[in-house]
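For reference, the structure is listed below as structure tokens.
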Amino acid sequence: MNKKLYVARSPRIAARQLGEEMLVMSAQGSTLFTLNQTATVLWQAADGKTTLEEIVERRICSEFEVTPEDAIRDAEDLAEDLAKHGILLVSEIPIPSRDPVLQEQIR
Amino acid sequence: MSLMAEMGERAHRLGVPFSVQLDLTYRCNEQCVHCYLDHHDHGEMTTAEIKKLLREMADAGVFILTLSGGEIFLRKDFFEILEYARALTFCIKLKTNAVLIREAQAARLRDLGVESIQISIYSHRPEVHDAITKLPGSLRRSIKAIRFLRSQGLKVVMANVLMTQNMDDYPSTRALADELGAEYTLDPTVTPMMDGDRAVLDLNVGESALRRVFRDETLVGNADEFCAPPRPLDDDSMDSTPCSAGHTACYVSPYGEFYPCVQFPLSCGNVRQQSFIDIWHNSEQLKEVRSIRLRDLSSCSQCAHGGSCTRCPGLAFLEGNMRGPSTADCERSFARTGIPSANLLAKKDKDKVSPARLVQIQLVPVITGVRLLEMSSAACTLAS
């Protein structure tokens with residue numbers, strides 16, 4: 001990976017953990033997706049401040065049996081795919097939270 | 001099976017309240033002739049109480065949150081509540097008459113990622129619609145709002161209720177929905193008042209009108225298939241649960257009362273006194289509702305329609321016994337198939353069979369653009 005990529009959960013999606021899977025609905029056409037365990041970890045860690053590389057290193061490689069090279073390649077593919085569906089925002093610069101006060105309130 | 005239905009089944013297995021309707025107010029700017037609510041404010045939950053409830057519901061696993069009323073836009077804190085709910089990543093569906101929605105509100109709903117907005121439209125003719133809502137100019141304002149919402153790319157569902165006042169208008173009302181780019185549902189379901197008063201049921205259309213609707217292939221697809229005789233009962237049917245009410249769905253009133261469904265006013269607790277999840281897991285009333293299987297229903301388990309009937313336990317409850325038949329659904333099955341239910345046969349000597357009443361017909365466009373017909377009781381639409 002040449003560039004740093006920042007990922008953030010889109011504010012226009014609905015999501016909830018159901019059993020071991022994350023249920024995600026994109027506002028684009030009300031399309032429903034389920035994320036597997038690895039994708040869920042990536043999605044939950046996508047705070048707009050942490051790079052994809054750091055997420056893979058800290059959250060994926062430490063929890064799943066996968067080489068860093070394979071993990072980062074898969075993560076990039078996944079991030080691109082989720083971005084296409086409006087589920088994830090991907091940027092080369094940090095992505096600010098739209099409403100940090102509200103985010104703080106619900107924590 | 002759709003992914004949503006699959007998730008609904010998983011939620012059922014896990015005991016998760018997948019879908020909740022929360023009425024924010026019973027106050028309304030329309031006074032519809034068929035409405036089942038008392039519109040006076042008897043002490044609505046405050047903004048803080050609702051936010052606390054929303055956090056509890058998110059923690060409990062609620063995914064689909066329907067905000068309804070009353071007219072939700074009458075609450076001055078409506079957008080504050082909505083924004084909070086979206087920050088908690090609920091999938092939000094709204095039910096409104098849309099009279100108060102202008103361009104700015106439509107844009108804000110889009111920004112907040114609302115999944116869909118259901119708007120009540122009873123006729124394409126102002127003189128009919130406005131007579132039902134008792135609010136002059138309401139059709140014009142609601143249509144204007146639909147245009148605003150559609151221009152923002154939002155999904156709009158136009159919900160029509162079939163009554164004696166508008167029974168001839170539904171084809172043109174549907175055409176209006178098509179013109180506006182809205183989905184369309186037709187619901188010949190006038191339900192009793194929440195306090196059990198059944199006087200509004202006189203607004204229901206007669207049996208011949210309902211039969212005509214059931215055989216309208218633009219609504220039901222293959223009418224012969226739709227109106228086919230019921231399938232024989234098997235063991236799977238006998239072990240089935242009546243609907244999602246209390247299993248994966250529930251309802252909370254503006255006063256915090258917790259019911260299995262908006263159409264099933266059996267109080268299971270109050271979220272002002274207990275946490276949402278405490279009521280969901282420990283309410284004796286909910287446990288009783290969940291325990292009911294078709295084989296436990298003395299009349300319905302013996303009925304030819306048992307396996308295919310859309311019996312609503314809430315309407316049965318309103319009729320006096322949650323394990324009893326819902327006569328309105330018996331009448332619907334009869335109107336659809338021409339075969340009387342066990343309950344109707346038992347009543348034959350006592351009561352005259354009245355017009356078929358409770359049915360919901362929903363046109364559901366799927367991804368391919370093909371329209372499917374779903375038929376279910378109003379109580380069951382939350383998790384559909």
Side-chain angles (χ1 to χ4, degrees), chain A residues 7-50 78-79 81-91 95-107, chain B residues 2-20 47-48 51-52 54-65 79-93 109-116 152-155 157 183 248 364-367 369:
Chain A
V7 287
R9 297 183 291 276
S10 164
R12 299 194 66 232
I13 53 91
R16 195 68 72 225
Q17 185 92 33
L18 185 60
E20 290 183 350
E21 287 185 333
M22 179 66 72
L23 197 54
V24 178
M25 184 182 271
S26 159
Q28 291 175 4
S30 302
T31 317
L32 189 68
F33 301 88
T34 54
L35 306 183
N36 66 18
Q37 220 178 338
T38 327
T40 300
V41 169
L42 171 64
W43 189 81
Q44 284 175 324
D47 59 4
K49 294 180 281 192
T50 314
L78 178 65
D81 199 28
L82 295 178
K84 269 187 210 157
H85 292 290
I87 293 172
L88 209 62
L89 306 176
V90 181
S91 167
I95 305 163
S97 168
R98 201 166 61 162
D99 195 338
V101 177
L102 187 60
Q103 292 301 326
E104 193 57 38
Q105 273 182 27
I106 63 169
R107 269 184 199 135
Chain B
S2 71
L3 185 54
M4 185 60 94
E6 207 178 298
M7 292 303 109
E9 279 199 1
R10 182 176 301 176
H12 195 164
R13 284 198 302 276
L14 296 169
V16 171
F18 191 64
S19 175
V20 174
T47 314
K51 285 182 177 178
K52 176 175 171 283
L54 292 174
R55 288 195 300 275
E56 290 176 355
M57 291 199 298
D59 289 344
V62 175
F63 180 60
I64 298 171
L65 176 64
F79 274 108
E80 185 180 349
I81 291 167
L82 178 61
E83 197 171 1
Y84 198 82
R86 283 295 296 122
L88 289 163
T89 68
F90 289 106
C91 170
I92 303 280
K93 296 171 184 274
L109 294 178
R110 193 206 83 90
D111 286 347
L112 286 168
V114 167
E115 194 271 336
S116 62
Q152 294 292 337
L154 285 158
K155 179 168 137 189
V157 180
E183 292 178 22
T248 58
V364 183
V366 293
I367 293 168

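Here is how names work: the chains are called A, B, and so on, in the same order as the sequence lines, proteins then strands, and each is numbered from 1.
No donor-acceptor pair under 3.5 Å is formed between the side chain of A/Arg16 and the backbone N or O of B/Ile64.
A/Thr34 touches chain B through backbone and side chain together, each having a heavy atom under 4.5 Å away. For a residue to count as touching a neighbouring chain, one of its non-hydrogen atoms must lie under 4.5 Å from one of that chain's; by this rule B/Leu3 touches chain A with backbone and side chain alike. Looking at B/Val114, there are no atoms closer than 4.5 Å to chain A (heavy atoms on both sides), in backbone or side chain. If you measure heavy-atom distances from B/Arg13 to chain A, you find no contacts under 4.5 Å at all.
Taking all atoms of both residues into account, the shortest heavy-atom contact from B/Arg86 to A/Arg12 is NH2-C, 3.3 Å.
Looking at heavy atoms from C-beta onward, B/Phe63 lies in side-chain contact with A/Met25 at the 4.5 angstrom threshold.
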